[in-house]
Amino acid sequence: MIAEVIVDVAAYPIDRPFDYVVPSNMQEVIECGSRVKVPFGPRKVLGYVTRLKTDSDLDEEKLKSIDELIDLEPVLSPELLKLSKIVARETLAYEIDALQVMLPAAMRGKYEKFIEVEKPYEIRDAALLSFLNGRTRLPLKQVTDSALLKIIKAYAKIGVLTIDTAISQQTKVKKVRVIHIKDASTLQTIDETIHTNAKKQKELLDWMRRHANKTVVAASVLKEAGVQAPVLKALIEKGAASEEHVETYREPDAPRLRDTQLPLTLTEEQKVALDLVNEASDKNSAKTFLLHGITGSGKTEVYLQAISHVLKQGKEAIVLVPEISLTPQMTSRFQARFGGLVAVMHSGLSAGEKYDEWRKIHRKEVKVVVGARSAIFAPFENIGIIILDEEHESTYKQEDNPRYHARDVAIWRSEHFGCPVVLGSATPSLESYARASKGVYTLLELSKRALNQGLPSVTVVDMREELKEGNRSMFSVELAEGIRTRLQRKEQIVLFLNKRGFSSFVLCRDCGTVVQCPNCDISLTYHRANETLKCHYCGHEEGVPTICPECESEHIRFFGTGTQKAEEEIAKLFPEARVLRMDVDTTRQKGSHERILRQVSEGNADILLGTQMIAKGLDFPNITLVGVLAADTTLHLADFRAAEKTFQLLTQVSGRAGRHELAGEVFIQTYTPEHYAIELAKTQHFETFYHMEMAARRQYGYPPFFYITLIQFSHEDLMKVIDYADKGATFIKGALSPDTFIIGPAAAAISRVNNRYRYQCLIKYKKEPKLIDTLQQLIKMYRTNWMKDGLLMSVDVDPSSIF
DNA sequence: AGCACGCCGACT
DNA sequence: GTCGGCGTGCTC
């Protein structure tokens with residue numbers, strides 16, 4: 001028997017299956033989708049069996065055989081194996097990368113080389129003998145002396161010792177010691193043999209009698225009976241109990257809610273939506289639904305009941321949520337409804353915890369997984385529904401290889417299982433809404449808030465007018481007044497500012513110099529906390545200048561506003577207010593995210609000030625005012641989705657106010673109140689925004705009217721990057737159809753990052769059957785020639801942004 | 001990507 | 001004379 005193996009080597013010529021002989025002792029158990037350890041050239045690597053066959057195209061004499069079968073049960077189902085091929089092809093990634101992304105990081109190979117002494121008696125070298133000190137196996141990395149290393153290599157050559165590569169899991173299965181207590185009569189017999197002086201043993205035995213025939217965790221026995229480990233050991237030796245190490249899971253901090261919560265009563269709209277989704281799952285139809293529901297319209301309840309429906313049929317469910325909204329508040333809702341049947345996967349878990357959650361899914365101990373992007377690869381084998389909440393979120397697109405979009409993967413998987421996909425959002429992506437309008441997806445509308453609260457009233461404040469009136473603070477008169485009244489009424493306020501740090505740039509008022517990053521084409525951001533200027537692209541840090549580095553003038557000023565500066569201003573204007581700041585700088589620590597939110601929910605803060613991350617999921621009844629300090633920040637990005645992102649963000653932030661009994665009010669401060677993305681966020685009229693934005697996209701030839709693929713080039717040498725970008729563009733132009741547009745190559749918006757010059761080229765197409773093959777040829781040229789010259793090139797089909 | 005092999009400069 | 005630099009080529 002021959003196995004085709006994809007080996008754990010991400011390199012161009014290795015990106016194909018290699019044939020190995022399956023040793024006879026493995027033939028009964030080996031299956032596709034299992035991991036194996038195989039010899040590869042001079043070393044040992046991990047690989048994935050993708051096919052079993054009887055003949056090889058190669059001379060069988062030349063084949064090596066599999067060293068070791070790592071998994072008795074395959075870790076990838078045939079469906080996931082098939083999916084990995086699709087992912088690799090469509091995203092132009094290595095197949096090994098597509099395979100690895102489906103498994104928790106803990107299961108990827110970790111390599112360690114060991115010295116294995118075969119014939120110790122043949123070693124004459126004194127230095128080596130004293131180093132070995134009688135050991136026959138030890139990690140190679142312990143050898144730090146290069147002279148010794150050379151001696152070892154020489155002995156390896158003549159077979160006195162070998163270098164063995166051990167492949168271990170990065171995280172092991174956690175085991176716990178349990179004891180099985182014997183029956184009462186056995187315990188009685190033992191009791192008679194214990195000497196009366198052995199008081200502690202008597203005590204423990206008494207405890208055991210009260211728990212006869214039970215299986216308990218050893219550590220808890222010691223604690224409860226109040227004895228030391230040797231006492232237990234003595235009794236186990238006497239036969240009072242038997243011990244065993246059993247596999248266990250690392251329990252994430254929060255205890256799981258086991259009691260289930262009853263479904264809520266649905267509104268008429270929710271019922272219609274649910275019925276259509278349920279009908280699709282009953283018919284095994286791989287339909288994609290777009291659930292367009294305004295904030296507070298009860299999308300989650302529809303998800304929950306649709307999941308219940310498929311669980312009753314013995315099927316499983318995947319729920320994807322953007323990473324930042326994967327809060328305990330969110331997940332506990334699923335756990336409250338489905339109890340222990342839920343696994344949660346998010347970046348807050350340790351590698352071991354992620355591995356444990358994965359094993360629960362793999363063993364089918366849970367039926368529902370709630371997780372971020374990568375949970376789309378959950379190893380279920382009977383999926384009944386896939387849900388993507390907040391489907392417009394760009395985090396569903398992975399930014400490194402394989403550059404997959406979870407929405408596309410969801411649809412591929414749904415086609416395999418014949419199950420519906422539900423994309424939910426208050427502000428759908430233009431792409432999805434366009435597909436729904438064309439009937440590719442089925443549109444489900446929830447236009448009313450479930451608890452019948454009104455939408456918050458939204459006021460757009462023109463900051464140019466404020467400036468004219470002489471108000472130079474970052475708070476308009478109206479917003480400041482709003483904050484003041486909320487503080488008096490003991491209600492809570494959310495302030496949103498899409499920029500962290502203190503000031504966005506440092507400018508000399510005499511010569512106009514803006515302090516730039518020395519490595520990147522971007523201005524530095526002032527961080528007050530440690531008095532530094534930071535580059536948010538390469539991480540460069542430098543001290544704050546007191547005089548202009550160009551003209552030595554002392555008139556240097558900080559411009560623009562970040563969350564840190566806003567915090568200071570709030571403290572000045574409202575000294576009595578308790579302010580919490582939430583941005584990447586204050587949430588870097590594990591658990592700090594939850595801590596901040598808990599303080600808000602417990603009423604220990606009056607104002608929550610934050611970036612992106614507060615736009616979602618917050619649902620606190622006492623928040624009645626939302627202020628957007630500068631709505632324009634996202635609007636002027638050099639990206640065709642800037643207007644869409646702005647509209648989505650404003651709508652989402654506005655949705656944080658007045659979700660319960662108290663009415664909500666929203667102030668949006670802007671310098672461009674006439675822009676349609678801001679104007680329409682006022683009324684939250686998605687459909688009007690959709691039509692206006694579609695007109696713009698049609699005019700400039702962007703999605704959803706055209707598909708796009710972005711090719712980025714970077715090189716330390718400006719002339720070389722221009723040269724290669726031209727070569728690449730010319731090649732693509734020649735290969736693709738005449739209806740396809742090639743934009744560029746042109747310098748990227750940030751033309752230099754980390755001392756590398758960046759150029760890019762945009763491909764726009766409606767129908768381009770040769771796209772993938774052409775890009776593959778381009779990548780081949782890059783990997784076989786251009787790469788050696790220091791060029792970096794990346795290809796992103798359907799990029800989430802074109803920076 | 002690694003790792004070995006192979007062919008030319010500076011050290012005991 | 002040898003040690004070691006990294007160019008080249010292969011991996012079932």
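Residue numbers start from 1 in every chain, and the chains themselves are labelled A, B, ... in the order their sequence lines are given, proteins ahead of strands.
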Between atom [atom1] in [X] and atom [atom2] in [N], what is the gap in whole Å?
{"X": "A/Leu63", "N": "C/dT11", "atom1": "CG", "atom2": "P", "answer": "12 Å"}
{"X": "A/Ile6", "N": "C/dC12", "atom1": "CD1", "atom2": "P", "answer": "14 Å"}
{"X": "A/Ile96", "N": "B/dA1", "atom1": "CD1", "atom2": "C1'", "answer": "12 Å"}
{"X": "A/Asp19", "N": "C/dT11", "atom1": "CG", "atom2": "C1'", "answer": "13 Å"}
{"X": "A/Tyr12", "N": "C/dC10", "atom1": "OH", "atom2": "P", "answer": "16 Å"}
{"X": "A/Lys44", "N": "B/dG2", "atom1": "NZ", "atom2": "P", "answer": "17 Å"}
{"X": "A/Asp15", "N": "C/dC12", "atom1": "CG", "atom2": "P", "answer": "16 Å"}
{"X": "A/Tyr94", "N": "B/dA1", "atom1": "OH", "atom2": "C1'", "answer": "9 Å"}

Which part of the nucleic acid, if any, lies within contact of [X], taking any heavy atom under 4.0 Å across all strands shown: a base, the sugar-phosphate backbone alone, or nothing?
{"X": "A/Pro39", "value": "sugar-phosphate"}
{"X": "A/Phe40", "value": "base"}
{"X": "A/Arg16", "value": "base"}

Q. Are any of A/Lys62's side-chain N or O atoms less than 4.0 Å away from OP1 or OP2 of C/dC12?
A.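 Answer is no, no contact under 4.0 Å.
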
Q | Distance test, side-chain N/O of A/Lys113 to OP1/OP2 of B/dC3, below 4.0 Å | A |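 Affirmative; the distance criterion is met.
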
Among [options], which nucleotide sits nearest the side chain of [X]?
{"X": "A/Pro42", "options": "B/dA1, B/dC3, C/dC12", "answer": "B/dC3"}
{"X": "A/Phe18", "options": "B/dA4, B/dA1, C/dC12", "answer": "C/dC12"}
{"X": "A/Met787", "options": "B/dA1, B/dA4, C/dC12", "answer": "B/dA1"}

Q: In sequence, state the C-alpha distance, the side-chain angles, and the governing distance for A/Thr532 and A/Glu542, and then conclude on side chain to side chain donor-acceptor pair (under 3.5 Å).
A: CA-CA 6 Å; A/Thr532 52; A/Glu542 60 182 69; over 6 Å; no

Q.
If we count only N and O atoms by modelled type, under 3.5 Å, do the side chains of A/Glu381 and A/Ser77 hold a donor and an acceptor together?
A.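 On atom types as modelled, these side chains do not qualify, holding no pair under 3.5 Å.
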
Q. Is there any ring pair (Phe, Tyr, Trp, His ring centres under 6.0 Å) pair reaching into residues 62-106 of chain A, and which pairs are they, with sequence neighbours excluded?
A.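 Pairs touching residues 62-106 of chain A that pass the test: none.
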
Q: Kindly say whether, by distance alone, the side chain of A/Arg43 makes a donor-acceptor pair under 3.5 Å with the base of B/dA1?
A: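 Such a pair exists between side chain and base.
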
Q.
By the definition side chain to side chain donor-acceptor pair (under 3.5 Å), identify the one residue from A/Ser801, A/Ser394, A/Ser800 that meets it with A/Glu399.
A. A/Ser800

Q. Does the distance from a Lys or Arg side-chain N to an Asp or Glu carboxylate O, for A/Asp8 and A/Arg108, drop under 4.0 Å?
A. no

